[in-house]
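Side chains included, hydrogens not; waters and symmetry mates left out as well; all remaining heavy atoms used. Quick note: residue numbers are just sequence positions, from 1.
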Amino acid sequence: GLFGWGYVDGFNYAEDQVGSDPGIYLNSVSNAFMWGFGRVITVNLCLILLIACKECLGWIFEKAKSKMKKKKKGTNKKQGGDVDTYSFLHRCMGYSIVVATFLHLICVYFTYEDSLATHTFIDIYGWECFGTGWFLLFLLASITASSNETLSKQNKRLFHQTHWQSILLIFVLIFHGSGFVSTYYWQLIIVPLVFYSCHLFVRYLKGH
């Protein structure tokens, strides 16, 4: 669903660009795939940020669990805690981001190569996409390299420090676009950022 959403937007965007100026060329299919995998990355980042808001969203899960317990009064099965659930979802979305990033890069290459004769890719997306893209890759590599249970157990400080780079990644991604403005991501990330800010505020109040 996420991929299809991005695919349609990317295809239509390429068609509109080519239709507005016959002298330019942008491969609609490779551009569509590029946008599709990009949308998988951005939406999963938004969901990870929302899942991190345990204090703000916890009451929703508590209500859902209370209803489930009422339906399963006769069973004595052990249920995993919130931490396990959040961790599992976090890992699934994280792996999705890594795989989608690899595929997104392949599509960027093909879109760039197909438009090389007309320099359309650079004219439309600009060098700012390349600059922010390489920086985002560096951040993602650092976060991914530190995402293992061994490091989290042996050196929690280093684990948390490297994971906090994800906040920087989220903000830099806002500028990953033509004219240093992303196409849709900045609109999608607003609500998760508001919830996460509330989450940090609640944690601060609890700590004091």
Side-chain angles (χ1 to χ4, degrees), residues 1-14 29-54 56-58 60-61 64 80-112 125 129-130 132-153 159-177 182-197 199:
L2 297 179
F3 175 82
W5 177 23
Y7 183 94
V8 172
D9 286 342
F11 188 90
N12 292 335
Y13 181 80
V29 176
S30 60
N31 192 76
F33 272 93
M34 181 178 73
W35 278 49
F37 292 121
R39 192 63 53 81
V40 172
I41 297 168
T42 54
V43 174
N44 272 287
L45 271 176
C46 293
L47 293 175
I48 283 178
L49 204 58
L50 284 173
I51 286 177
C53 308
K54 298 177 183 179
C56 293
L57 301 177
I60 298 177
F61 293 102
D82 292 341
V83 177
D84 294 333
T85 304
Y86 287 127
S87 178
F88 174 75
L89 292 174
H90 180 87
R91 284 177 177 273
C92 289
M93 293 172 187
Y95 291 139
S96 298
I97 290 172
V98 173
V99 174
T101 299
F102 174 73
L103 297 173
H104 177 73
L105 284 173
I106 294 176
C107 296
V108 168
Y109 170 76
F110 281 114
T111 307
Y112 174 77
Y125 293 108
C129 277
F130 281 102
T132 54
W134 278 109
F135 185 60
L136 288 166
L137 280 175
F138 173 78
L139 289 174
L140 183 61
S142 177
I143 295 167
T144 304
S146 65
S147 300
N148 60 80
E149 294 183 4
T150 303
L151 181 63
S152 64
K153 293 177 181 178
F159 175 79
H160 289 299
Q161 285 177 344
T162 50
H163 247 62
W164 271 107
Q165 294 177 23
S166 58
I167 300 298
L168 180 59
L169 184 146
I170 286 169
F171 279 103
V172 173
L173 200 55
I174 295 174
F175 306 101
H176 183 57
S182 60
T183 312
Y184 291 107
Y185 171 74
W186 70 270
Q187 302 173 42
L188 297 174
I189 201 64
I190 291 175
V191 173
L193 279 176
V194 170
F195 272 98
Y196 192 70
S197 299
H199 163 74

Interatomic spacing from OG1 in Thr144 to OH in Tyr95 - rounded to 0.5 Å | 9.5 Å

d(Cys92 SG, Ile97 CD1) to nearest 0.5 Å is 11.5 Å

Looking at side-chain heavy atoms only, is the closest gap between Trp186 and Ile190 below 4.5 Å?
-> yes

Tyr7 side chain reached by Asn12 side chain, heavy atoms, under 4.5 Å | no

Could you tell me whether the side chain of Asn44 reaches within less than 4.5 Å of the side chain of Leu2, counting heavy atoms only?
-> yes

How long is the span from the CG atom in Leu136 to the SG atom in Cys129, to the nearest 0.5 Å?
-> 10.0 Å

Partners meeting side-chain contact (heavy atoms from CB on, under 4.5 Å) with His163 (sequence neighbours left out) | His90, Ile143, Ser146, Ser147, Phe159

Looking only at heavy atoms, which two atoms of Cys46 and Leu188 are closest? And how far apart?
-> SG-O, 3.7 Å

Supply the atom-to-atom distance Thr42 OG1 to Ile174 CD1, rounded to the nearest 0.5 angstrom.
-> 11.5 Å

Sorted by chain and number, sequence neighbours left out, side-chain contact (heavy atoms from CB on, under 4.5 Å) with Tyr109 holds for Glu113

Side chains of Phe175 and Ser182: closer than 4.5 Å at any heavy-atom pair?
-> no

Would you say the side chain of Tyr184 lies within less than 4.5 Å of the side chain of Ile189, judging by non-hydrogen atoms?
-> no

Is the shortest heavy-atom distance from the side chain of Phe171 to the side chain of Leu193 under 4.5 Å?
-> yes

For residues Val40 and His104, determine if any side-chain heavy atom of one lies less than 4.5 Å from a side-chain heavy atom of the other.
-> no

Near-ring test Tyr125/Phe130, centroid separation under 6.0 angstrom | no

When Tyr196 is tested against each of Leu49, Ile170, Ile48 for side-chain contact (heavy atoms from CB on, under 4.5 Å), which residue passes?
-> Leu49

Would you call the rings of Phe33 and Phe3 parallel, tilted or perpendicular if under 30° counts as parallel and over 60° as perpendicular?
-> tilted

Should Ile41 and Tyr185 be marked as a side chain to side chain contact (heavy atoms under 4.5 Å, CB included) after you check the CA-CA gap, both sets of side-chain angles, and the distance that decides it?
-> CA-CA 10 Å; Ile41 297 168; Tyr185 171 74; over 6 Å; no

Any chance you could measure Phe11, atom CZ, to Met34, atom CE, to the nearest 0.5 Å?
-> 13.5 Å

Residues at least two apart in sequence or cross-chain that pass side-chain contact (heavy atoms from CB on, under 4.5 Å) with Leu168, listed by chain then number, are Phe135, Leu139, Val172

Rounded to the nearest 0.5 angstrom, the CD-CG distance for Gln165 and Leu140 is 10.5 Å

Nearest heavy-atom pair of Trp5 and Val43: which atoms, and what distance?
-> CZ3-CG2, 4.0 Å

